[in-house]
There are 2 protein chains.
Amino acid sequence: MAMGKRNAEPCCPPADQAADLRPIEGGAADEELAALAKALGHPARVQILRILVRTSTCVCGDIVDELPLAQSTVSQHLKVLKEVGLIRGEVDGPRVCYCIEPRALRRLKALVGGL
Amino acid sequence: MAMGKRNAEPCCPPADQAADLRPIEGGAADEELAALAKALGHPARVQILRILVRTSTCVCGDIVDELPLAQSTVSQHLKVLKEVGLIRGEVDGPRVCYCIEPRALRRLKALVGGL
DNA sequence: GGCGCCTATCGTCGGTCTACGATGGCAATG
DNA sequence: CATTGCCATCGTAGACCGACGATAGGCGCC
C-alpha cells in the first residue's frame with residue numbers, strides 16, 4: 001500500500017458546498033473575523049495562501065522553496081494558518097501535503113463582505 | 001455657531017465611485033492585504049469598524065462608550081485603523097469625527113475576494 | 001539495519017502589540 | 001481669563017510575534 005502516489009488529490013477536500021450557517025455579525029463573528037484577519041496579517045502567509053489557491057491542489061514540499069525564509073519559519077506560518085482552519089495538512093507518505101480549506105476561505109470572504 | 005449640530009455629514013466623503021486601478025495580486029498586493037488584515041486582526045478594531053459602517057455617518061465621541069476599553073486604548077486602535085487608511089478622522093469644532101473610508105473598504109473586499 | 005530527506009518542534013532573541021494611567025493641547029463655554 | 005470636555009500623545013509593563021539555528025521524529029531507499 002501507499003506506493004509513490006502523489007498526483008492530484010490525495011487530501012484535497014471533496015468540494016463540499018454546504019452553506020455556512022453561522023452569523024455574519026455580532027460578538028462571536030467579530031472575534032472570528034479578527035482571528036482570520038490576524039492570520040492573514042503577514043505577507044508571507046498571504047503568499048502561502050495564494051500559492052495554495054493558485055495550484056488548487058495540495059502542495060507538498062515546494063512551499064519552502066517559494067519563500068525567502070528558513071524552513072522552520074515557514075513551518076510556523078503554516079501552523080498559524082492551520083490553527084485558524086484556513087489550510088489543511090495531511091501526511092502523504094514521506095511528505096506532508098497542504099491544501100486550502102475552501103469552507104474557511106468562503107467564510108472569510110463572507111465575513112469581510114459583510115462589513 | 002456650532003450649536004448641538006452633530007447630524008449627518010460634516011466630514012463623510014462624497015461617495016466617490018472611482019474604480020481602483022491597482023493590481024489585485026503580486027508582491028505589492030500581498031503586502032497591502034497583509035497590512036489591511038493586520039489592522040483588522042483585533043476584535044476591538046473589527047467592532048470599531050462595524051460601528052462606523054453601521055451608522056454610515058461619522059461618529060464623534062461615542063466610540064469610547066461602546067467599547068470596554070480605556071480612552072487611550074481606543075485612541076490607539078483608531079490610530080491603527082487610520083494609518084492603514086480604513087477610516088478618516090476630521091476635526092469638527094471641539095470634537096473629532098471619525099468616518100469610514102469607503103475606498104479602502106472596497107479595496108479590502110476586492111483583495112480578499114481575489115483570493 | 002543504517003542512511004538521507006523532509007518536516008515539526010524547541011529554545012531564544014529582539015521587536016511589536018496591547019493595555020493602562022498620566023500628561024498636554026485645543027476649542028467652546030462661563 | 002479660567003474652566004471644562006474631548007482627544008492625542010507619552011511612558012511603561014506584560015504579553016505576544018517573527019525569525020533563526022539546533023534538535024528530534026517519520027518514512028523511503030540502499
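To find a chain, count down the sequence lines: A is the first, B the second, and so on, and within it residues start at 1.
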### Residue list, salt bridge (charged side-chain N to carboxylate O under 4.0 Å, His left out) with A/Glu66, at least two apart or on another chain
none
### Message
Applying side-chain hydrogen bond (donor to acceptor under 3.5 Å, both in side chains), can you list everything that pairs with B/His42, at least two apart in sequence or on another chain?
### Response
none
### Task
Whole angstrom is fine here: how far is it from CZ in B/Arg95 over to C1' in C/dA28?
10 Å
### With B/Lys79 via side-chain contact (heavy atoms from CB on, under 4.5 Å) - residues at least two apart
B/Glu83
### Message
Going by salt bridge (charged side-chain N to carboxylate O under 4.0 Å, His left out), name the pairs with one or both residues in residues 26-38 of chain B, residues two or more places apart or in two chains.
### Response
A/Arg50-B/Asp30, B/Arg22-B/Glu32, B/Glu32-B/Arg107
### Task
In whole angstrom, give the distance that lies between atom CD of A/Glu90 and atom P of D/dG26.
19 Å
### Task
With a 4.0 Å heavy-atom cut-off, tell me which residues in residues 31-45 of chain B come close to DNA chain C, sorted by residue number.
B/His42, B/Arg45
### Message
Suppose we screen for side-chain contact (heavy atoms from CB on, under 4.5 Å). Which residues come up paired with A/Ser75, at least two apart in sequence or across chains?
### Response
A/Gln71
### Message
Counting C-beta onward and ignoring hydrogens, is there a side-chain heavy-atom pair between A/Leu40 and A/Leu108 closer than 4.5 Å?
### Response
yes
### Query
Residues two or more places apart in sequence or in another chain: which of them pass side-chain contact (heavy atoms from CB on, under 4.5 Å) with B/Ala35?
none
### Task
Rounded to the nearest angstrom, tell me the gap between atom CG in B/Leu67 and atom C1' in C/dC20.
15 Å
### Task
Taking only heavy atoms on the protein side, list every residue of residues 69-84 of chain B lying under 4.0 Å from any atom of DNA chain D, sorted numerically.
B/Gln71, B/Ser72, B/Ser75
#### Entry: Qualifying residues under side-chain contact (heavy atoms from CB on, under 4.5 Å), relative to B/Ala28, sequence neighbours excluded
none
